[in-house]
Amino acid sequence: MEETRWRIACCAVALTIGLCARLPAQVTLNKNRDLAFGSMIAGTSAGTVSIATSGAVTSTGGVTLIPSTTSSAAFTLANPASGTNRFYFISLPGSVTISSGSSTMTVNGIANDPPNIGAINAGTSRVINVGATLNVGANQASGVYTGTFTLTVFLF
Amino acid sequence: MNERPFFFAARLRRIGPAVVVCAVLLGVASAGAQQAQAGPAAAARQETAANARVVPGLAIQKTQDLDVGEVRAGATAGSVRVGAPSGSSSDRSASGGVALTGSTFSAAQFQVRGAGEASRVHVQLPASTTLSRVGGSETILVQDFQATITPTCSGPQCAAAPLMLSVGATLRIGADQVSGSYTGTFTVTVNEF
């Protein structure tokens, strides 16, 4: 009897992701919430305001937090039941600059929960929470500071 | 002719720090083999905003005293009230034996700066205060203080714009209240919660 060998060809997907193919039609990534540090009084010494991925807010140094609306950023990554099981890799920038007129502040320590790598099987969805630290300068100028950053999710 | 059923095979293979899943679906209906590879690399992106509001700290500044204006006391006791319930303009009313005269009057006005959100500002008012006649000893009781907070600006460009705080009250005028100028003071405190 003729022996037939089935070869399992392993798709050699390069990990150095330079190629960005079209997103598989099924998987979706949507933003639920922006990153909001709320309102604060800048002091005569520099300080920080940190928002954990859980949304908890803490401050250090010369910054005084005042009651206001704060939130971690949140996204939903969804793989429909008709999709194929995949792995994801989350990528975020190291820092972001937010500005009010010519005044700026740096946001760094951008962190995500869940961790960078995980599974997103067909028929499941994941909420990705993003927290960060805002660096407030001494006598930081008053104003509403805004900026944007991009969450990238690579799919395998 | 050989026919083979479709089957699905998956093999996990560790490459470097990441895990790559390779799935191959093979189905053979005839001599020709159909082969499909799943899982090309792809990326999804979402932009999000980051924002913060720096305020200079809560501060209150009086811009107008509470001025009840001129009234005529009658043979029976009464009251006169000055307030600004809508925030922008003052109104005045009298009851009992009190008659309103003159046309100048105003609720007290303050500017509040540094409030992060107007809805979180709490105004503390006295329960009452007492006015004394200048050059005499007669008094007038002031009660029912009420505050109204109104924004002076709306929209995202109003981050540093102050809030306007108006305060009104009611004066108890006695029967045949002695004529003269009556003055006094009261304190308003604002907090943010």
Proximity breakdown for [X] and chain B, heavy-atom pairs closer than 4.5 Å:
{"X": "A42(A)", "value": "both"}
{"X": "A141(A)", "value": "backbone"}
{"X": "L151(A)", "value": "both"}

Are V54(B) and M105(A) close enough that some pair of their side-chain heavy atoms sits under 4.5 Å apart?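 Heavy-atom side-chain distance check passes, below 4.5 Å.
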
Taking the side chain as everything from C-beta on, heavy atoms only, tell me whether T48(B) gets closer than 4.5 Å to F149(A).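 Yes, at least one pair of side-chain atoms sits under 4.5 Å.
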
CD of Q46(B) to CG of N32(A): how many Å apart, nearest 0.5 Å?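 Reported value, rounded in 0.5 Å steps: 9.0 Å.
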
Value rounded to 0.5 Å, distance of OG1 in T150(A) from CZ in R45(B):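 With rounding to 0.5 Å, OG1 (T150(A)) is 8.0 Å from CZ (R45(B)).
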
With clusters defined by side-chain heavy atoms of hydrophobic residues (ILVMFWY) lying less than 4.5 Å apart, directly or transitively, does [Y] cluster with [X]?
{"X": "F105(B)", "Y": "F110(B)", "value": "yes"}
{"X": "F145(B)", "Y": "M164(B)", "value": "no"}
{"X": "V178(B)", "Y": "L141(B)", "value": "no"}
{"X": "I117(A)", "Y": "F156(A)", "value": "yes"}

Please determine whether the number of non-hydrogen atoms from other residues, nucleotides or ligands lying under 6.0 Å from atom CD of Q61(B) exceeds 12.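 No, the 6.0 Å shell around CD holds no more than 12 heavy atoms from other groups.
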
Is it true that a side-chain atom of N51(B) and a backbone atom of T146(A) form a donor plus acceptor pair closer than 3.5 Å?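 Checking the backbone N and O of T146(A) against the side chain of N51(B), no donor-acceptor pair under 3.5 Å is found.
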
Please find the pair of heavy atoms, one from A52(B) and one from L134(A), that lie closest to each other, and give the distance.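 The answer is CB-CD2, 3.7 Å.
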
If you count heavy-atom pairs under 4.5 Å with chain B, which of T64(A), V136(A), T69(A) comes out on top?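 The option with the most such pairs is T69(A).
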
